[in-house]
Every structure is written in C-alpha cells, then in structure tokens.
Amino acid sequence: MSQDILLYNSLTRKKELFQPLHPPFIGIYVCGPTVYGPPHLGHARPYVVFDVVIRYFEHCGFKVRYVRNITDVGHLEGDCDEGEDKILKRARMEQVEPMEVVQRYTREFHAAMDSLNVRSPSIEPLASGHIIEQIEMIKKIMSAGLAYETNGSVYFDVPGYAKNHSYGKLSGRVLDELLTYTRELEGKEEKRNAVDFALWKKADQRHLMRWPSPWGDGFPGWHLECSVMSSKYLGEPFDIHGGGIDLQFPHHECEIAQSVAASGKEPVRCWMHNNLITINGRKMAKSLNNFITIEQLFTGTHPLLKRSYSPMTIRFFILQAHYRSTLDFSNEALEAAEKGLQKIMASVKNLLLLKAGAATSSDVKSLRKKCYDALNDDFNSAVVIAHLFEAARISNAAYAGHETVSAEDLEELKSVMNLFTFDILGLKDENFAQGGKSVEQLMEIIITIRNRARKNKDFATSDAVRDELKKINIQLKDEKDGTTRWEMG
RNA sequence: GGUCAGAUGGCCGAGUGGCUAGGCAGAGGUCUGCAAAACCUCCCACAGCGGUUCGAAUCCGCUUCUGACCUCCA
C-alpha cells in the first residue's frame, strides 16, 4: 500500500515528498518528556500526533523504528551556575529520592499514554542510561576544537562552529542577532559567549544526580541526550525528528550543531514540529503554571473544567486540528469533540445493523481516496475526520431509510470507517468496552420489562426506568420498529 | 528590540486563486406515548485598508491585534 506522502519540513519550510533513506525502513525520533511532574494536556498532543504518523506509515507498509526518549537526568532550571536541577528540586519538595520522582512520573506518563491509546515506541531510551555515550560525544566535539572546558564544565563554542557551519538554519536565527539579544545571565563568566551552551555541567556537592567524567563529577548538558540516542539507535542521518515547536530553538538547533561538530554529518532529513495547545490564548506549559493534567481531564478535577472528559474525547479533540496549528483548549471545544466522537461511534454501530439495498444513493466510492489524500497532505487528520462525518451521515441516513447502500458499498463503508477511525486515527469505542456479556443479558431483561410497561401505557414506570438508567450513563433508544437499543456513555 | 507564525460565521476548526469544508451550538421540520438519537432544511464567515487579477479567505503592500521563540518547556 504505497502512498505519496507530503511532509512539511521545518528545515526547508516547505512540504516535501517523503522518501525514506532506506526503504522500507523509517527511523523516527521524537523528543520525550522530562519526568519531573505529572503529564498534562500539552504533552498529549505530540504523542497522539506522532502515534497517528506511525500508525499511518506502518499501514503504508513501512517498517518503522520509533525512538522516544525519557529525560531523567534533570537539567538546570536556569542558564546559570546557581540553577537548580529541576528533578532534584522536585525531589527535595517531596522528600524523596530523585530516582523515585523519575520513576513515579515515568509510570504516570506511561499510564496516560495507554489511556489515550498511544502505542509504545520501539525504543524508549533513558538519558541516564547513556551517560558514557554522551561523554564520548563531548570528547569528539572537543577534538574537533568546537568545545572548551571551564571549571569542570564543558561548553559548545557556537561562534567557532558558525565559522564553517550554519547555526540557526532550523529556527531562522541569525547569530549576530543572538549575540546582541541573548539575555545576560549570572554565571556566564564560564562561557566565552552568551550563546554557547553546556555539554557537561559540573555538579556541586549537594547535587545528587552526578556521574564521573574526564572533567570531574557532573551531568550532561541539556541537548546532548537526543543527539546521542537518536544517532545510536537510528544512525546518521535518519529520516524524521519530531517534537513540539517550542523545542525548535534552542534544543533542536543545538542538536544539529552537536552532531555536525562530532561526526561531520547532518543528523536529520526531515524535522516535524507540532504546534502547542493554548489555554486562554497562551501556551499551556509547566513553566507558565497554566496546565491541566491528563488525570484532571479524566476526573474533571480542575477549576477550569466544567466536568470530566474521556480519554478518547481528548484524542479526538487533538486530531480535529491540524498538528501545525495551535489548538485552543476550552470546555466548549471539548464538549463539541465529545459529541462529534459519539456521533461517529454510533454510526459505526448503525453500519453493523444496516441492510444492503439495490443501489447506492451517495458517493461512497470516493471516501477512501479522500481520506488517503488528506493524510498524504502532511497528515491532515482534521480533514480525515470531516470525511468520516460524511461516512457517518451516509450510514445514519441509510439506517433512517433516507438513503440506500449497495452490498458492495456497505462493505466499503465499513472497511473505510474501521481503517481510518480505529486503525489509523487510533480511536476506540469506549462505551463498547465497558459492557460485558452479563451486562448485555441484564439489559435485555430490563428492556423487556420496560417494554411490557409501555405496552400497558404505564409510562410512569417506563420513563422511570429510562431516567434511572440515564443517571448511570446508560442511554435507551426506542426504535420505530418497537425494539429498544441501549448505549453506555 | 529581533525572528517566525497567525487573525476564518455564536464556539472549535479545515481550506493558498474560481467549485458546500466539517463538528458543536441555534432555528424549523420528520420520526416518537413522551424523550434521546437520527434524518431533512436554514444560519453562507474569512481583522482593516489599498493593490494584482476576468475572478482573492487564498497572491502583494501597509495598518491593527494576537501568539511562539530569543531562559527550562511537548
């Protein structure tokens, strides 16, 4: 199933035909979370987006190696010597070991990803497990003459690198402007230039997360782990590097510089950056303290939440926007997503009950191609969903008797719905999952009794049954033919 | 201050030169004992001002506003 996929490359600022370096294999690296706090809505976006990217690549027949790291070494809070390791800070706050913080939030992150139906990456490397490789990379950069040591810390020489290479090409920075406007921070005396960045930081005596190195005890710099782990598992260069747009500078720019300095090779063919989730017009971020955790969304326990929202509502909400647009959080938007998702799920069930007619009265045949076209155009999941709504409309209209669908087209409709809704967009029917066999049998009994009451015009009883069930999230639907269907949710 | 993105109907959100995006909300109708759901119909927007063009939400210029990045961040 080969497709011509256009991908927007941040490096060239245009859409390019995606061609893997070594077909049918694809190597993709996505920046993972720093595990120093509970995962929030902002984290959900890149991982949901890239989950769909990978599902689609695999559907198209590619063999994907997907690497997504866990940052667990703790980077400095500020760009200065007095900066405190953020994992360490959290650990002190909670009176626990740093490793405990790391493991707890890693587990929370995994649980959140599972609930959102985000599949695990092929490899999930830890920064702390690659200290030796990071030290080796620093040595290479030093022998290339592009890093220097000061007081047990090692810094990357950005102006030196920029003499022969383009520093800023990914993010559109101009070095001279950076040199003029980069904020002056305390502790800069160790650096030759404000734009230089740390490859290795000396650990002071209180610092618990520390490793021995040729320059003394310390810990690796902020950008190094991604360069090291991506090249280790995917080679150099590899196909796609993804992450949030807020990482484009300086993080990804520095990754390029490090790799080029160490190996002389351009590390990445295509850079993909997802845009951010905003709340009241501002980006949702830990640093702005305006985030809603994924757990809070599921339970509705946050002052800004009117109620709880299910995991698939969150996933659908994210996929209803194109990944390069900002996506604004609001209760109204989430409620709309929930309704829309329910509509699609209900139509999938209708499809199973639908009887084929002689001919098809709507355009079913073009749906599949339209969905492929949308995905091939830089993963436009929003447009795919619009087409799924059209499929839902046809399905429901046929169920209501307003349209007919031939046997062949009915199979096509089912196939398209299943493929794009479940396999590629990775949505799940949450309601269906809740009812077991015995629940179905119980419902059958309840419905039979209620219908007996309705037959006797005992509507007080029949309505009471329906209302009570509604309270525990079970919806009864009386059909024209006298049967009653039920749904959870 | 610099760089880069945006500004789409009540809300969310696609769309880069001509053809209905879509969803949610709202109005009317069909169906129903009543509901819910569903279906049908309606609501036809593109920040402002110029320009290019037979034709612009879409291209160009200016203005206003917003955001991201320039410090950790998905």
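Within every chain, numbering begins at 1; the chains are lettered A, B, ... in the order of the sequence lines, protein sequences first and strands thereafter.
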| request: Indicate whether A:F459 forms a stack on B:G33; treat it as stacked only if centroid distance is below 5.5 angstrom and interplanar angle below 30 degrees. | output: yes

To the nearest 0.5 Å, tell me how far [X] [atom1] sits from [Y] [atom2].
X      : Y      : atom1 : atom2 : result
A:R55  : A:L375 : CZ    : CG    : 12.5 Å
A:Y36  : A:T71  : OH    : OG1   : 10.5 Å
A:L199 : A:S227 : CG    : OG    : 9.5 Å
A:Y66  : A:F50  : OH    : CZ    : 7.0 Å
A:C254 : A:L247 : SG    : CG    : 11.5 Å
A:F316 : A:L334 : CZ    : CG    : 11.5 Å

Is the phosphate of [N] approached by [X] (side-chain N or O, under 4.0 Å from OP1 or OP2)?
X      : N     : answer
A:N396 : B:C39 : yes
A:H43  : B:A74 : yes
A:N380 : B:G15 : yes
A:S325 : B:A14 : yes
A:T34  : B:A74 : yes

[atom1] of [X] versus [atom2] of [N]: gap in Å, rounded?
X      : N     : atom1 : atom2 : value
A:L354 : B:C39 : CG    : P     : 13 Å
A:R454 : B:G33 : CZ    : P     : 8 Å
A:N193 : B:U71 : CG    : P     : 14 Å
A:E403 : B:A38 : CD    : C1'   : 13 Å
A:K477 : B:G33 : NZ    : C1'   : 20 Å
A:L288 : B:C73 : CG    : C1'   : 9 Å
A:K14  : B:C4  : NZ    : C1'   : 17 Å
A:K286 : B:U71 : NZ    : P     : 21 Å

| For A:E468, the option from A:K470, A:R466, A:K471 that meets side-chain hydrogen bond (donor to acceptor under 3.5 Å, both in side chains) | A:K471

Categorize [X] for me: base, sugar-phosphate, or nothing, with a 4.0 angstrom heavy-atom threshold over every strand shown.
X      : result
A:L334 : nothing
A:G281 : sugar-phosphate
A:D467 : nothing
A:A285 : base
A:P250 : sugar-phosphate
A:F317 : nothing
A:L388 : nothing
A:T326 : sugar-phosphate

| Once each nucleotide of nucleotides 21-27 of chain B is scored for protein heavy atoms under 4.0 Å, what B/S/- sequence comes out, 5' to 3'? | BSSSS--

| message | So if I take every side-chain heavy atom of A:E177 and compare against B:A74, B:G33, B:G2, which nucleotide ends up nearest? | response | B:G2

| field | Strand RNA chain B as a dot-bracket string - pairs counted if Watson-Crick or G-U with both distances under 3.5 Å, | where the partner lies in another strand | value | (((((((..(((.....[...))).(((((.......)))))....(((((..]....))))))))))))....

| Parallel, tilted or perpendicular: rings of A:H43 and A:H40 (30°, 60°) | tilted

Which whole number of Å gives the distance between the [atom1] atom of [N] and that of [M]?
N     : M     : atom1 : value
B:A5  : B:C39 : C1'   : 42 Å
B:C49 : B:C65 : C1'   : 15 Å
B:G18 : B:G28 : C1'   : 33 Å
B:G13 : B:G6  : C1'   : 14 Å
B:U58 : B:G67 : P     : 24 Å
B:A56 : B:G50 : P     : 14 Å
B:G51 : B:U8  : P     : 25 Å
B:G9  : B:G29 : C1'   : 23 Å

| field | First encountered from the 5' end of RNA chain B, between A:R13 and A:H251 | value | A:R13

| Relative to the 5' end of RNA chain B, which residue comes earlier, A:I394 or A:D328, by the nucleotide with the nearest heavy atom? | A:D328

| query | What about the rings of A:Y233 and A:H130, do their centers lie closer together than 6.0 Å? | reply | yes

| message | Please determine whether any donor N or O and acceptor N or O are separated by less than 3.5 Å between the side chain of A:D246 and the base of B:G67. | response | no

| Base B:A35 paired with A:R466 side chain (donor-acceptor, <3.5 Å) | yes

| request: Look at atom CG of A:D4 and say whether more than 12 heavy atoms of other residues, nucleotides or ligands are closer to it than 6.0 Å. | output: no

Is a side-chain N or O of [X] found less than 3.5 angstrom from the main chain of [Y], in a donor-acceptor match?
X      : Y      : answer
A:D239 : A:I28  : no
A:R485 : A:E479 : no
A:S347 : A:N396 : no

